[in-house]
Amino acid sequence: MEDNPNPISRRSLLKGTLRGTTAASAFTLIKPHLVRGAGKEKLRAGIVGCGGRGTQAVVDPLTGNENVELVAMADVFEDHLEGSLKQLRDPKYISRHAGITVERDGRPKQMSAEDLVASVGPRVKVQPEYHFVGFDAYQKLVKSDIDIVMLTTPPGYRPIHFEAAVEAGKHVFTEKPIGTDATGVRRFMAAGRKAAEKKLTVMSGAQRHEDKPYMETVQKIHDGAIGDIVALNSFYLSGPVMHVQARDAKWGDMEWEHRNWYSFLWLCGDQIVEQHFHNIDFMNWVMGGHPERVVASGGAAWRPRAALYGNIYDHLSSDFVYPNGVHLSSTCRQYPRGTFNNVSDLIVGSKGRSTGTDLGTKGISAYVQEHINFVDSIQGRGPYINQSIPIAESTLTCIMARESAYSGMAITWDQIMNSKQDLMPKEYGYEVKTDPTPLPVPGEYKFV
């Protein structure tokens, strides 16, 4: 970090507190902010980004916390917002999540379809005046009468939205990753430090950190269960993410890119940033900090050079080196349906190996648990949580590898921390014209 030359020791200090473990007692000066006093008081939540992930992200906190209500929604597109709200008010959609195990009165309870409909449905209370649409919709939402802001837009917007939410004094659930370039990540980090000063809770969508098998396994690895770590390996081999099949003639350039956001670098960050983040963030957790160097390569093997497929790669392999000399071999790809898929991790130790979950025991849904821990932090029932810095570091780790693959250069942590890359447009609007950015070619692409 710019303000701490020893990232490993700083990370070690923060990891218990920021992940919501009992080590939070080390930060007694940053006690949880009690929003309305009593622990059972209703918390008012608003969501920015009403796509599929955003809609699901609403169900999770309402399932895990009986004192949370959804009262505000914001999206660039009205059809996204209204479609999401329609789903959230549809008992059939809510019923699909039946079988989730949650805690009720200190005991595990498996939620039936009837339980969910009766519990979740009535707490979707978004009145017409709290429907915010447009590129400035997030500004209106964060200034409204809410306690919690949930950020689930394409990740390019995360630094801007997070900064606005913190400035407005809101607690934040932010999906991962938290940016698509180093400039945005630094902006997010600055807002994260301000959130700590304001005693605002920040929970990320890196749900492995709230998943009992992962938590217990990492603790046992840190306690020496497999000896000294000597090598790491991770895979995210999956299918392509395509949001649309063709461009509607009515869409201007910027609207087209937003509706097909996973194909465009400035919005998604490429697969290693948007999706493979989970594995790389997990490895940083295991190692207690970020790598110091990476050499990566990749390209587009099957993605056609057509507008629908934008300017991202479809495969990328990386060799990360941590400060203690341990290497992480990382591979991600998005190949067409019918090809081999694999999402997995391997930690090799001097006395054994682990897949990341094999030393832990089953817990409740991590997607629900993270929201339980989030609300407990807000209301003082659990340790204070602010995951902004470690989650930003993991995002930057992914960006570091992407930039190495694009440029064909070895990239160090200091280089990526000081990168001047800023992918965000200078203006926003449905009809704003954008110049197509070509697919990066190593040797021609310049790291900045």
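All values reported here derive from a predicted model rather than from experimental measurement. Just so you know, residue 1 is the first one in the sequence shown, and it goes up from there.
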Apply the test side chain to side chain donor-acceptor pair (under 3.5 Å) to residues Asp270 and Tyr406: give CA-CA distance (whole Å), side-chain angles for both, the deciding distance (0.1 Å), then the verdict. CA-CA 11 Å; Asp270 212 319; Tyr406 283 8; 2.5 Å; yes
Please assess Lys109 against Asp115 for the test salt bridge (charged side-chain N to carboxylate O under 4.0 Å, His left out), listing each intermediate value before the final yes or no. CA-CA 10 Å; Lys109 173 181 173 60; Asp115 291 333; 3.5 Å; yes
Checking side-chain contact (heavy atoms from CB on, under 4.5 Å) for the pair Asn373/Ile385: CA distance, chi angles, key distance, verdict? CA-CA 8 Å; Asn373 295 351; Ile385 296 172; 3.9 Å; yes
Show your working on side-chain contact (heavy atoms from CB on, under 4.5 Å) between Ser330 and Asn279 and close with a plain yes or no. CA-CA 9 Å; Ser330 153; Asn279 306 78; over 6 Å; no
One pair to check against side-chain contact (heavy atoms from CB on, under 4.5 Å): Tyr384 and Asn386. What are the steps and the verdict? CA-CA 7 Å; Tyr384 173 69; Asn386 182 340; 3.3 Å; yes
Derivation of the side-chain contact (heavy atoms from CB on, under 4.5 Å) call for Trp285 and Tyr214: CA-CA 10 Å; Trp285 182 17; Tyr214 280 106; 4.0 Å; yes
Is there a salt bridge (charged side-chain N to carboxylate O under 4.0 Å, His left out) between Lys194 and Glu163? Walk through the geometry before answering. CA-CA 9 Å; Lys194 185 168 288 187; Glu163 182 181 74; over 6 Å; no
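A distance of 10.5 Å separates CD of Glu444 from CG of Leu439, quoted to the nearest 0.5 Å. Atom OG of Ser112 and atom CD1 of Ile100 lie 11.5 Å apart (nearest 0.5 Å). Lys176 NZ to Ser204 OG: the interatomic distance, rounded to the nearest 0.5 Å, is 9.5 Å. Rounded to the nearest 0.5 angstrom, Leu359 CG and Glu216 CD are separated by 9.5 Å. To the nearest 0.5 Å, atoms OG (Ser407) and OH (Tyr445) are separated by 7.5 Å. Put simply, CE on Met203 and CD1 on Ile391 are 10.0 Å apart, with the number rounded to the nearest 0.5 Å.
Counting all heavy atoms, side chain and backbone alike, Met150 lies closest to Val58 at CE-N, 4.2 Å. Here the shortest heavy-atom pairing between Leu316 and Ala296 reads CD2-CB, 4.0 Å. For Ala401 against Ser318, the heavy-atom pair with the smallest separation is CB-OG, 3.5 Å. Listed here is the closest heavy atom pair of Ala72 and Ile146: CB-CG2, 4.2 Å. For the residue pair Thr355 and Ile347, the shortest heavy atom distance occurs at C-CD1, 4.4 Å. Between Arg293 and Val295, the closest heavy-atom pair is NH1-CG2, 3.9 Å.
Each of Thr217, Asp345, Thr357 was checked for a side-chain contact (heavy atoms from CB on, under 4.5 Å) with Arg208, and the lone residue meeting it is Asp345. Just one of His209, Glu210, Glu370 meets the side chain to side chain donor-acceptor pair (under 3.5 Å) condition when paired with Gln387; it is Glu210.
For the pair Pro291/Thr397, a side-chain contact is recorded, criterion being any heavy-atom separation below 4.5 Å from C-beta on. Proximity of Ser234 to His276: side-chain heavy atoms (C-beta onward) are separated by under 4.5 Å at one or more points. Contact annotation: the side chain of Phe162 never approaches that of Arg187 to less than 4.5 Å [non-hydrogen atoms, C-beta and beyond]. A 4.5 Å side-chain heavy-atom check between Arg333 and Phe340 finds at least one atom pair inside the cut-off. Within the 4.5 Å cutoff, the side chain of Gln334 has heavy atoms near those of the Gln275 side chain. No side-chain heavy atom of Val48 sits less than 4.5 Å from a side-chain heavy atom of Asp75. Side chains of Leu346 and Val348 form a contact here, defined as non-hydrogen atoms less than 4.5 Å apart. In this structure, Leu200 and Val172 have side chains that are not in contact, with every pair of non-hydrogen atoms separated by 4.5 Å or more.
Ring pair Tyr157/Tyr428: centre-to-centre distance below 6.0 Å. Ring centroid separation for the pair Phe173 and His371 comes in under the 6.0 Å cut-off. Between Trp266 and His258, the distance from one ring center to the other falls under 6.0 angstrom.
In the displayed structure, Met424 atom CE is contacted under 6.0 Å by more than 12 heavy atoms of other residues, nucleotides or ligands. Within 6.0 Å of CZ on Arg259 lie more than 12 heavy atoms contributed by other residues, nucleotides or ligands.
A donor-acceptor pair under 3.5 Å links the side-chain atoms of Arg158 to the main chain of Thr153, judged by distance alone. Counting only distance, with no hydrogens or angles, the side chain of Asp281 and the backbone of Phe277 share no donor-acceptor pair below 3.5 Å. For Asn342 (side chain) and Leu237 (main-chain N/O), no donor-acceptor pair under 3.5 Å exists by modelled atom type. The backbone N or O of Thr201 sits nowhere less than 3.5 Å from a side-chain atom of Ser377 that would complete a donor-acceptor pair. Put simply, the side chain of His243 never gets that close to the backbone of Trp261: no donor and acceptor are under 3.5 Å apart. The closest donor-acceptor contact from the side chain of Thr180 to the backbone of Gly156 lies at 3.5 Å or more, if one exists at all. Between the Thr101 side chain and the Gln110 main chain, no donor and acceptor come within less than 3.5 Å of each other. Remark: side-chain polar atoms of Lys220 are not paired, donor with acceptor, to backbone N or O of Ala225 under 3.5 angstrom. Side-chain atoms of Arg402 come within 3.5 Å of backbone N or O of Gly269 as a donor-acceptor pair. Side chain of Ser419 to main chain of Val448: a donor-acceptor pair is present (N/O by atom type, distance under 3.5 Å, no hydrogens or angles).
Between His290 and Trp413, the ring planes lie parallel to each other; the angle is under 30°, not in the 30° to 60° tilted range.
Checked by atom type, the side-chain pair Thr434/Glu257 shows a donor-acceptor distance below 3.5 Å. Looking at Gln56 and Asp60, their side chains do bring a donor and an acceptor atom within 3.5 Å of each other. Checking Tyr262 against Glu274 by side-chain atom types alone, a donor-acceptor pair falls below 3.5 Å. For the residue pair Asp319/Ser329, the side-chain donor-acceptor check at 3.5 Å is not satisfied. Side-chain N/O atoms of Tyr322 and Asn284 include a donor and acceptor closer than 3.5 Å. Side-chain contact, Ser119 with Glu66: no donor N or O sits under 3.5 Å from an acceptor N or O.
Looking at residues two or more places apart in sequence or on another chain, you find a salt bridge (charged side-chain N to carboxylate O under 4.0 Å, His left out) between Glu175 and Arg53.
Comment: Lys351 does not engage Asp228 in a salt bridge, judged by the lack of any side-chain N to carboxylate O separation of less than 4.0 angstrom. Salt bridge Asp181/Arg186: absent, no basic N to carboxylate O contact under 4.0 Å.
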